[in-house]
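Ligands are counted one by one from 1 in listed order, and the atoms in each one are counted from 1 as well.
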Amino acid sequence: MIFTLDDDLEGLKLSDSESSLQQQQQPTALYDETDEAENVMNLDHLNLATEPIPFLGDRPRRRSSVLEKFPVSTPPRTRRISVTSASNPLGGGCLDGGQLLTHRDAGIFRCLADFKPVRVLGKGAYGKVILVRDQQTSKLYAMKQLLKAEILFTEENDQSQKDDKDVSKLVERTFAERTILSELEHPNIVKLFYTFHDNAKLYLLLQYIPGGELFFHLKEQGTLDEDTVAFYAAEISCALKFLHSKGIVYRDLKPENCLLDQNGHLVLTDFGLSKKSVAQQEVPFSSSAESAFESEEVTNLYSIIGTPEYCAPEVLQGVPYTKKCDWYSLGCLMYDMLIGKPPHTGANHKVILNKIQRDKQGPKIPHYLSDGMKDMLSALLKKEHTKRWDVDKYWRTPTDPKQKRKKKKAGQEKTSGYTSHFIFRKIDWPKLEKGEIQKSEPGPILPLITDWALAENFDSEFTSMSYEDTLKGIDINIPKSSSDYFKGFSYKASCSYLERHF
Ligand SMILES: Nc1ncnc2c1ncn2[C@@H]1O[C@H](COP(=O)(O)OP(=O)(O)OP(=O)(O)O)[C@@H](O)[C@H]1O
């Protein structure tokens, strides 16, 4: 039985089966005949999922869609992540040389036998995330597992390998999460300590964030008050601004990917869909790098990727897009925290895309929100990205009197300083940006944690799952030559990094 929270669909009298049948038979033009011709968009090339979105209780879990514009040659569930280099500029080890690492390698790398499973924390499209205990140190980690077979074989026929070009592209993208996370250190971004692989899987050993998903807390509380939303928006903004300054577009912001740490601070996880722009890869973080990034707009991306409910319209349209798509997603997430659902929902992804396209002025913002919050949401949720607030550019109000602000005309992009917005009046930005608030003050929601190993803030749907299968070798006949694809995946954070964070 599929439900939708969406008012527009509530009036439909069709039974579920009729409704989904009709949706599948509908032509995929987005507007009806009364709409302007230039706004009509054909979605056939997107190979959109029309299967129902899984519904769990009051709040449905949103799955990432991974779709490509040119062409849709691999199944939509195939992980599509992209990065052009697997190098590690921060000095972690990378020595596996392509052999199948089922053994510990001279004490440098870790292997599966080093970790004892405690319980399942979550499940994504490509495997489970398991809470594990390091047998040597008793420290807890979140172990994310990715099945190699998902990357190497097509979904229609598990025995047929994809062609070489396809596979190497997908493998390259599989490195993205490992590579991007190994280069980052930010209080609101999850830390990566080790990666390794064996015959069947790739493993990422991440910092365990015990407060659970924001999704879990939203499910419990329904909605959050404006001050709480402003606080989390500020923490997410710090993380996004940091990522953008490194040339990384996050692309999958949603409550399922926002975790709360033990002090109630927000930590972004799941960088599987993130993308690092080519031009930014070797550029260190500096003001000049930032301005080069702004002027070049090098992150013109094309992959249709993310979770439709939180995706910017330009991403869904398959036209080139930039880091601004993350600010639209932040608007969707804030809307969700305030209202209890993202701005556009529907029984399947196609319905959601149609609604976003139909909503010419952007989503309707409820009248009961404060004027400040309405102003913020409307600036972030501008459908036309050229009119959307360029938060990276207008992060602070300029102090230089020569940089006088032009008066903003109605409908135009906002040009005032983001951090000075009224909704952030209680945020101490200098302390937040330095990571001092994250260390010294509790966040607005303090997760209940009696014992870290109990994972009390994670859905029992996952914590009650069996993990036996996830820690056994899987008997999959992966050709030996395929091992080369994963050469360089194993990684260990530098000693100083490990010391700083444990
Ligand atoms: N570092 C962590 N600490 C605690 N829990 C985590 C951590 N990383 C992930 N999880 C849990 O596991 C879930 C799935 O992780 P993640 O989103 O990285 O997997 P995925 O396969 O990429 O998922 P999806 O297919 O939805 O994109 C998260 O939503 C979260 O509940």
Side-chain angles (χ1 to χ4, degrees), residues 49 53-54 56 59-67 75-81 115 117-133 139-147 150-151 173-174 176-178 180-181 184 186-195 201-219 250-262 265-274 305-311 329 333 349 447 449 452-465 467 470 493 501-502:
I53 293 166
L56 306 165
R59 175 173 270 274
R61 187 169 281 276
R62 321 267 179 202
R63 302 306 299 269
S64 311
S65 257
V66 190
L67 309 166
R77 267 187 64 245
T78 303
R79 182 168 282 264
R80 288 184 172 275
I81 42 186
F115 301 95
V118 179
R119 63 193 80 248
V120 178
L121 295 172
K123 191 170 178 292
Y126 299 90
K128 289 176 183 160
V129 176
I130 302 151
L131 177 62
V132 294
R133 195 181 288 283
K139 285 171 182 165
L140 292 168
Y141 294 91
M143 176 191 270
K144 181 165 173 170
Q145 305 187 341
L146 301 171
L147 278 164
E150 290 275 351
I151 299 158
R173 287 170 173 184
T174 306
E177 188 159 22
R178 164 233 181 271
I180 287 174
L181 282 177
L184 302 176
H186 189 278
N188 300 109
I189 293 176
V190 73
K191 286 163 188 68
L192 177 70
F193 297 122
Y194 308 100
T195 58
K201 295 179 195 166
L202 305 166
Y203 303 88
L204 292 101
L205 267 292
L206 299 158
Q207 171 191 25
Y208 168 45
I209 312 292
E213 299 170 356
L214 180 62
F215 177 84
F216 176 85
H217 297 280
L218 276 173
K219 214 162 111 175
Y250 180 62
R251 301 202 288 190
D252 203 13
L253 192 59
K254 58 179 171 179
E256 291 86 334
N257 288 342
C258 296
L259 301 175
L260 294 189
D261 72 10
Q262 63 279 18
H265 290 282
L266 200 139
V267 178
L268 283 187
T269 189
D270 193 0
F271 281 67
L273 299 186
S274 300
I305 214 163
T307 304
E309 289 90 337
Y310 302 87
C311 238
S329 301
L333 180 59
H349 291 172
I449 303 170
W452 281 42
L454 291 178
E456 296 144 301
N457 295 289
F458 291 81
D459 270 321
S460 57
E461 174 204 351
F462 299 118
T463 53
S464 61
M465 271 180 187
Y467 49 73
T470 60
H501 298 295
F502 254 127

Heavy-atom nearest neighbour of atom 4 (C) of ligand 1 within options Asn457, Thr307, Asp252, Ile209: Ile209
Between the side chains of Asp252 and Thr307, does any donor sit under 3.5 Å from an acceptor? yes
Which of the numbered atoms in ligand 1 are below 4.0 angstrom from a heavy atom of Val190? 1 (N)
Quick check: do Ile189 and Phe271 have side-chain heavy atoms less than 4.5 Å from each other? yes
Could you list the residues that satisfy ring pair (Phe, Tyr, Trp, His ring centres under 6.0 Å) with Phe458, not counting sequence neighbours? none
Please determine whether a side-chain nitrogen of the Lys or Arg among Asp270 and Lys254 lies less than 4.0 Å from a carboxylate oxygen of the Asp or Glu. no
Ligand 1 contacted by Phe462 (non-hydrogen, < 4.0 Å): no
Decide yes or no for Arg119 and Leu454: does some side-chain heavy atom of the first lie under 4.5 Å from some side-chain heavy atom of the second? yes
Proximal ligand 1 atoms for Leu121, defined as those under 4.0 Å from one of its heavy atoms: 4 (C), 5 (N), 31 (O)
Logged contact type for Lys144 with ligand 1, heavy-atom cut-off 4.0 Å, is side chain
Hey, is ligand 1 close enough to Lys123 that some N/O pair sits below 3.5 Å? no
Say whether Glu213, considering both its backbone and side-chain N or O atoms, lies within less than 3.5 Å of an N or O atom on ligand 1. yes
Here the atoms of ligand 1 under 4.0 Å from any heavy atom belonging to Gln207 are 1 (N), 2 (C), 3 (N)
Closest by any non-hydrogen atom to atom 26 (O) of ligand 1: pick that one out of Glu256, Lys254, Glu177. Lys254
Side chains of Leu206 and Leu181 in contact at under 4.5 Å (non-hydrogen atoms): yes
I want to check something: taking the side chain as every heavy atom from C-beta on, are Phe115 and Tyr203 in contact at a cut-off of under 4.5 Å? no
Could you name the option among Thr269, Asp270, Leu259 that has the heavy atom nearest to atom 6 (C) of ligand 1? Leu259
Phe458 contact mode with ligand 1 (heavy-atom cut-off under 4.0 Å): side chain
In Å and rounded to the nearest 0.5 Å, what is the CG to NE2 distance from Leu259 to His217? 9.0 Å
Does Asn257 approach ligand 1 within less than 4.0 angstrom via side chain, backbone, both or neither, non-hydrogen atoms only? side chain
